[in-house]
Novice: 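Just passing along the structure, written as structure tokens.
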Amino acid sequence: MPAETGDRRQHGDDAGDLDDAAATAAAASDVPVTERGRTSPEGDQAEPPQRHPYDPRAWALWQRPKRFIAFLFAMEAIGIAIMFVATMNSTAPGKIDLVRFAILAVGATAHIQLTQRQEERRRDRSHTVLIDLTAVWTFPAAVILPLSLTLSIIALVRIQHWFIARRPAHNFVFSSVTHGVSVTLASLTFAAFGPHEWGRISGWGTLGEFGVLIITGMVFEAVQIAYIGGILTLGSPKRPSVSTVLGNAADNLLEAITIGLGAVTAVLLLIMPPMVIVMAVVTVVFNRLAEIDQLQNDARTDPKTGVLNMRGWSESAERALGRTARSDDNLALLMIDLDHFKWINDTYGHPAGDDVLRDVARKLDEVTRPADVIGRFGGEEFLVLLPDIDETAAKLAAERVRSAIAELHIVTTDKRGSRVTIAGRTTSIGAALFPRHGDSLEELLHAADAAVYVAKENGRNQVRFAQDVERPAPPEDRATHLED
């Protein structure tokens with residue numbers, strides 16, 4: 001996950017936005033502060049001194065939690081020490097190494113310059129980690145180049161990213177160290193299984209080398225998970241989710257593909273160097289495909305909660321309903337309405353209400369099955385489609401959702417920015433069964449919505465199933481009845 005919550009799996013470029021968020025929150029608070037974080041002795045609101053952006057005392061880093069700062073400096077020190085010791089003990093580059101370095105440098109530069117606008121758009125739309133494709137160039141460097149040249153490739157890539165992204169300096173440095181230590185440990189891992197003479201191996205030997213590449217790629221990724229996952233966990237103002245720290249399934253699939261492309265680049269560079277130009281074209285095209293995939297995902301996702309929006313949920317639910325109808329199975333639909341949600345907005349403010357919605361969405365993901373389809377219906381209402389489930393299991397699932405939400409303790413802020421915990425929130429849940437309460441998604445939604453109103457009218461904080469509806473008999477049954 002090369003490394004930066006905004007460049008590859010990068011702490012720097014997107015985690016830098018955490019600094020912006022922290023500064024915004026501080027500005028929104030009514031607490032007057034001076035440089036030392038106190039009001040002046042006279043009680044006046046002293047203006048903090050204006051400092052030059054390059055003055056270390058002006059860095060947003062110092063506003064972060066102490067554990068965040070300690071982790072950042074400790075991991076940087078460890079990473080720099082590893083790179084220094086490993087470089088001092090590495091082999092000196094030869095002429096062929098310099099040629100290979102030049103090919104990778106040209107390929108990486110072409111990739112970065114031709115995709116910089118796409119990367120910036122993807123970075124701006126990303127709410128978690130961002131996976132780019134620079135491992136196509138840095139991973140093969142770790143595999144086939146002396147460490148000094150491998151770190152030179154990292155420096156070349158990072159410098160170009162600095163001029164493109166312009167993120168906070170401490171983010172950039174941490175991300176760069178993460179890139180460097182990941183390729184260093186990957187290089188040491190690959191060398192430990194050496195020597196490697198790819199031009200002479202065949203048969204079972206190729207399988208062995210393939211296994212070594214997989215192990216090397218796992219080390220390459222694990223280092224970045226440790227660095228980036230740690231800094232994102234400590235830097236998050238609230239308890240982070242797994243997807244926020246490590247990315248979702250699509251992110252990690254893209255990462256695996258990128259490392260695989262890096263391995264292919266290494267093979268081409270050793271056996272047929274001119275073919276590396278093809279990888280430059282591949283990275284540009286693949287980067288565009290990643291942006292399209294992100295756009296499609298954004299179009300189907302609710303930006304506030306991260307679950308499917310009504311469009312995305314309806315598409316997935318219709319497909320699940322079609323499969324259920326063809327297989328003659330059962331299906332349930334839950335409509336979940338948060339009780340007295342307006343009171344939360346009025347009492348604590350809309351940002352607190354948004355935090356409640358996000359935590360409820362996260363809890364729904366935890367207490368439902370992977371095959372269940374979760375979406376936001378609008379406002380304070382959520383939908384969960386439960387395929388392949390009978391009435392008894394649906395009742396248990398609905399009660400599990402109701403009790404899980406009631407047990408939530410949501411840490412947020414009030415209207416003045418003070419820390420508060422919202423707990424004991426209740427929900428009214430309406431449930432409808434297919435085909436008992438409807439043959440179509442629209443009918444099931446109407447039935448579940450009516451059941452929600454029944455739950456609210458009867459005191460809230462409960463689950464109610466839709467009323468059974470009288471359905472006309474099939475045509476053949478009516479004909480038989482007439483004959484009788």
Side-chain angles (χ1 to χ4, degrees), residues 241-243 302 305-308 310 312-314 316-341 356-377 380-410 422-469 471:
S241 64
V242 173
S243 61
D302 174 51
T305 62
V307 299
L308 294 172
M310 197 56 198
W313 183 87
S314 297
S316 297
E318 287 285 6
R319 288 194 294 269
L321 186 61
R323 290 191 297 269
T324 300
R326 289 191 297 272
S327 59
D328 198 26
D329 287 331
N330 297 315
L331 174 148
L333 188 152
L334 305 182
M335 182 176 288
I336 303 159
D337 192 302
L338 304 182
D339 295 330
H340 303 298
F341 184 75
V356 171
L357 292 174
R358 277 188 286 269
D359 278 31
V360 168
R362 187 179 299 126
K363 180 56 67 174
L364 289 175
D365 185 60
E366 292 176 3
V367 301
T368 55
R369 304 169 301 177
D372 298 338
V373 185
I374 306 169
R376 186 180 176 204
F377 188 55
E380 66 273 22
E381 293 178 316
F382 292 86
L383 295 169
V384 180
L385 193 78
L386 307 168
D388 191 22
I389 196 169
D390 58 22
E391 181 176 0
T392 301
K395 288 180 179 179
L396 292 174
E399 282 295 336
R400 185 166 60 249
V401 167
R402 187 195 61 78
S403 60
I405 294 175
E407 293 169 0
L408 280 174
H409 287 71
I410 302 161
I422 299 175
R425 304 314 305 165
T426 62
T427 55
S428 299
I429 301 177
L433 299 171
F434 170 85
R436 178 173 162 186
H437 299 128
D439 291 328
S440 67
L441 192 60
E442 183 179 5
E443 290 179 351
L444 291 173
L445 284 169
H446 281 301
D449 186 53
V452 168
Y453 280 104
V454 173
K456 287 188 175 294
E457 291 168 357
N458 284 273
R460 297 183 169 85
N461 191 27
Q462 58 187 271
V463 177
R464 287 295 177 121
F465 271 72
Q467 300 262 338
D468 289 338
V469 295
R471 296 187 174 279

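These numbers come from a predicted model, not from an experiment.
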Novice: For a side chain to side chain contact (heavy atoms under 4.5 Å, CB included) check, start with the C-alpha distance between Met335 and Glu381, then their side-chain angles and the critical distance, and finish with the verdict.
Specialist: CA-CA 7 Å; Met335 182 176 288; Glu381 293 178 316; 4.2 Å; yes
Novice: Decide yes or no for Phe341 and Leu357: does some side-chain heavy atom of the first lie under 4.5 Å from some side-chain heavy atom of the second?
Specialist: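 Yes, close enough: below the 4.5 Å cut-off.
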Novice: If we only count heavy atoms from C-beta on, is the Leu338 to Val360 side-chain gap below 4.5 Å?
Specialist: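 Yes, their side chains come closer than 4.5 Å.
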Novice: How many angstroms lie between atom CG of Leu383 and atom CD1 of Ile374, to the nearest 0.5 angstrom?
Specialist: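 One finds 11.0 Å between CG of Leu383 and CD1 of Ile374.
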Novice: Can you give me the closest heavy-atom contact between Leu433 and Ala332, atom names plus distance?
Specialist: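 Looks like CD2-CB, 3.7 Å.
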Novice: Is it true that Asp329 and Arg323 have a side-chain N and a carboxylate O under 4.0 angstrom from each other?
Specialist: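 Answer for the salt bridge query: no.
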Novice: Looking only at heavy atoms, which two atoms of Ala451 and Gly430 are closest? And how far apart?
Specialist: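 That would be CB-CA, 3.6 Å.
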Novice: Just verifying a value: how many Å separate Ser428 OG and Arg460 CZ, rounded to the nearest 0.5 Å?
Specialist: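 One finds 6.0 Å between OG of Ser428 and CZ of Arg460.
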Novice: Does Asn458 reach the main-chain N or O of Val454 with its side chain, forming a donor-acceptor pair under 3.5 Å?
Specialist: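 Yes: the side chain of Asn458 pairs with the backbone of Val454.
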Novice: Leu334 versus Phe382: any side-chain heavy-atom pair under 4.5 Å?
Specialist: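 They are not in contact (no side-chain heavy atoms under 4.5 Å apart), so the answer is no.
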Novice: Check Asp339 with Arg425, please: is the shortest side-chain N to carboxylate O separation under 4.0 Å?
Specialist: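 Salt bridge absent between Arg425 and Asp339.
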Novice: Side-chain contact test, heavy atoms from C-beta onward, threshold under 4.5 Å: evaluate it for Phe434 versus Leu333 and give yes or no.
Specialist: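 Phe434 vs Leu333: side chains apart.
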Novice: Less than 4.5 Å apart, any side-chain heavy atom of His437 and any of His446?
Specialist: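 Not in contact.
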Novice: State plainly whether the residues Asp359 and Arg362 are in salt-bridge range, i.e. N to O under 4.0 Å.
Specialist: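 The answer is yes: the pair qualifies as a salt bridge.
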Novice: How close do Ala447 and Ala466 get, heavy atom to heavy atom, and via which atoms?
Specialist: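 Heavy atoms of Ala447 and Ala466 come nearest at O-CB, 3.6 Å.
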Novice: Are Lys363 and Glu407 close enough for a salt bridge, meaning some N to O gap below 4.0 Å?
Specialist: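 Between Glu407 and Lys363 there is no salt bridge, as every charged N stays at least 4.0 Å from the carboxylate O atoms.
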Novice: Could you give the distance from CG (Leu364) to CZ (Arg400), rounded to the nearest 0.5 Å?
Specialist: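 The distance works out to 11.0 Å.
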Novice: How about Leu441 and Trp313: do any of their side-chain heavy atoms sit closer than 4.5 Å?
Specialist: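 The answer is yes, as the side chains (C-beta and beyond) meet within the 4.5 Å cut-off.
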Novice: For the atom pair CG (Leu408) and OG (Ser403), what is the distance rounded to the nearest 0.5 Å?
Specialist: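 Here the rounded value is 10.0 Å.
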Novice: Could you grab the distance from atom CD1 of Ile422 to atom NE2 of His409, nearest 0.5 Å is fine?
Specialist: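 Separation between the atoms: 11.5 Å.
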Novice: Tell me the closest heavy-atom pair linking Ser316 and Val373, and the distance in Å.
Specialist: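 Minimum heavy-atom separation between Ser316 and Val373: CB-CG1, 3.7 Å.
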Novice: side-chain hydrogen bond (donor to acceptor under 3.5 Å, both in side chains) for Gln462 and Arg464? Distances and angles first, verdict last.
Specialist: CA-CA 7 Å; Gln462 58 187 271; Arg464 287 295 177 121; 2.8 Å; yes
Novice: CG of Leu308 to CG of Leu385: how many Å apart, nearest 0.5 Å?
Specialist: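 That separation rounds to 11.0 Å.
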Novice: Do Asp388 and Asn330 come within less than 4.5 Å of each other through their side chains, counting heavy atoms only?
Specialist: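 Asp388 does not reach Asn330 side chain to side chain.
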Novice: Could you tell me whether the side chain of Leu331 reaches within less than 4.5 Å of the side chain of Ile389, counting heavy atoms only?
Specialist: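 No, too far: nothing below the 4.5 Å cut-off.
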Novice: For the pair Glu399 and Lys395, find out whether any cationic side-chain nitrogen is under 4.0 Å from an anionic carboxylate oxygen.
Specialist: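 No salt bridge links Glu399 with Lys395.
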